[in-house]
Amino acid sequence: IALLTCVSVSAQLNIDSLRQQYKTKTMKVNNGIVIDGYRISKMEVQNLMTVSPEALSYYKLYVKNNKPAVILPLIGLAASITGIFINNDNRTTRLILIFSGGAVSGLGSIFKAIASHHLHNAVWTYNRDVLYPVK
C-alpha cells in the first residue's frame, strides 16, 4: 500500500509540474501572442521562437505572408473609395475601380488566412518543443 501511495503521489506531482509549465511557458494566440496572461511583442515572439528551429521557420512564413495581408486591403479600400467618388461620366472606370478594389481586398484575405495558418503552426510547434524538448 505504501508503494502504491508513493507512485500515485509521484505521478500527481509530475502532472502538476506539467500543468504549471503549460500555464507559464506556452504561447496562446489571443489578439496577439500571450504567455502566462501577458501579451508579448513581435520581437519577443521572434526571440522565443529560436528555441525551436521548426517554429521559427513557420513564424518567418507568417511574417512574410502577413505583410501583404495588411497592405492589400488598404489598397483595395482606396481603389473602391476612389471608384465611388469618381465622376459619373466615367462609369466604366468607376466600376473597374470598385470591383478591382474588392478583388484586391479579397486577395488580402487569402494572404491573411495563410499567415494565420503559419502563426498557429509556429505557436503549436513552439509549445510542443517547450513542453517536450528533444534531448
Side-chain angles (χ1 to χ4, degrees):
I1 293 176
L3 180 63
L4 183 61
T5 303
C6 288
V7 169
S8 176
V9 168
S10 175
Q12 185 62 40
L13 288 175
N14 288 338
I15 290 172
D16 290 343
S17 173
L18 185 61
R19 284 183 182 155
Q20 185 64 25
Q21 285 183 358
Y22 177 79
K23 181 182 178 208
T24 60
K25 292 184 178 179
T26 59
M27 292 183 184
K28 295 166 190 67
V29 179
N30 184 12
N31 290 331
I33 302 292
V34 177
I35 293 181
D36 197 19
Y38 298 102
R39 189 171 178 186
I40 58 175
S41 70
K42 289 183 180 184
M43 187 57 77
E44 288 175 304
V45 172
Q46 190 163 358
N47 290 339
L48 288 171
M49 288 291 176
T50 59
V51 168
S52 169
E54 187 179 357
L56 183 61
S57 67
Y58 280 126
Y59 188 74
K60 286 181 179 179
L61 286 171
Y62 158 73
V63 170
K64 178 182 175 183
N65 286 296
N66 196 44
K67 288 178 184 176
V70 171
I71 294 170
L72 287 176
L74 296 175
I75 293 171
L77 179 64
S80 295
I81 290 174
T82 302
I84 289 171
F85 289 113
I86 204 165
N87 194 354
N88 283 334
D89 296 336
N90 297 329
R91 185 174 183 148
T92 304
T93 307
R94 183 180 195 179
L95 289 175
I96 288 172
L97 280 172
I98 291 172
F99 287 127
S100 64
V104 170
S105 293
L107 185 61
S109 297
I110 292 170
F111 274 101
K112 186 66 175 174
I114 293 168
S116 176
H117 177 74
H118 288 307
L119 178 63
H120 283 89
N121 281 342
V123 169
W124 187 90
T125 305
Y126 170 84
N127 289 342
R128 178 197 68 192
D129 291 347
V130 164
L131 290 177
Y132 304 107
V134 177
K135 295 179 182 176

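Scope of the values below: all heavy atoms of this structure, side chains included, with no hydrogens, waters or symmetry mates.
- Closest heavy-atom contact between Ala55 and Tyr126: CB-N, 3.7 Å.
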Asn121 and Leu61: CA distance, side-chain angles, deciding distance, side-chain contact (heavy atoms from CB on, under 4.5 Å) verdict = CA-CA 10 Å; Asn121 281 342; Leu61 286 171; over 6 Å; no
Kindly determine whether Val123 and Lys28 satisfy side-chain contact (heavy atoms from CB on, under 4.5 Å), including the steps that lead there.
-> CA-CA 7 Å; Val123 169; Lys28 295 166 190 67; over 6 Å; no
List the steps, then state whether side-chain contact (heavy atoms from CB on, under 4.5 Å) holds for Thr125 with Arg128.
-> CA-CA 5 Å; Thr125 305; Arg128 178 197 68 192; 3.4 Å; yes
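- Residue Lys23 places its NZ atom among 12 or fewer non-hydrogen atoms of other residues, nucleotides or ligands, all under 6.0 Å distant.
- No side-chain heavy atom of Leu119 sits under 4.5 Å from any side-chain heavy atom of Asn66.
- Scanning both residues, Glu44 and Ser41, for their nearest heavy atoms gives OE1-N, 3.0 Å.
- Without hydrogens or angle criteria, Ser80 side chain to Leu77 main chain gives no donor-acceptor distance under 3.5 Å.
- To the nearest 0.5 Å, the span separating CG on Asn127 from CG on Asp129 amounts to 9.0 Å.
- In terms of heavy atoms, Tyr62 sits closest to Ala115 at CD1-O, 3.1 Å.
- For the pair Ser100 (side chain) and Leu97 (backbone), a donor-acceptor distance under 3.5 Å is present.
- When atom types are taken as modelled, the side chain of His117 and the backbone of Ala113 share no donor-acceptor pair closer than 3.5 angstrom.
- No continuous path of ILVMFWY side-chain contacts below 4.5 Å connects Tyr59 to Ile114, so the two sit in separate hydrophobic clusters.
- Here the closest non-hydrogen pair linking Ser105 and Pro73 is OG-O, 3.7 Å.
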Let me see the working for Lys25 and Asp36 under side-chain contact (heavy atoms from CB on, under 4.5 Å), right down to the final yes or no.
-> CA-CA 7 Å; Lys25 292 184 178 179; Asp36 197 19; over 6 Å; no
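- In plain terms, the two heavy atoms of Leu56 and Gln46 that are nearest each other are CD1-O, 4.1 Å.
- Remark: side-chain polar atoms of Arg39 are not paired, donor with acceptor, to backbone N or O of Ile33 under 3.5 angstrom.
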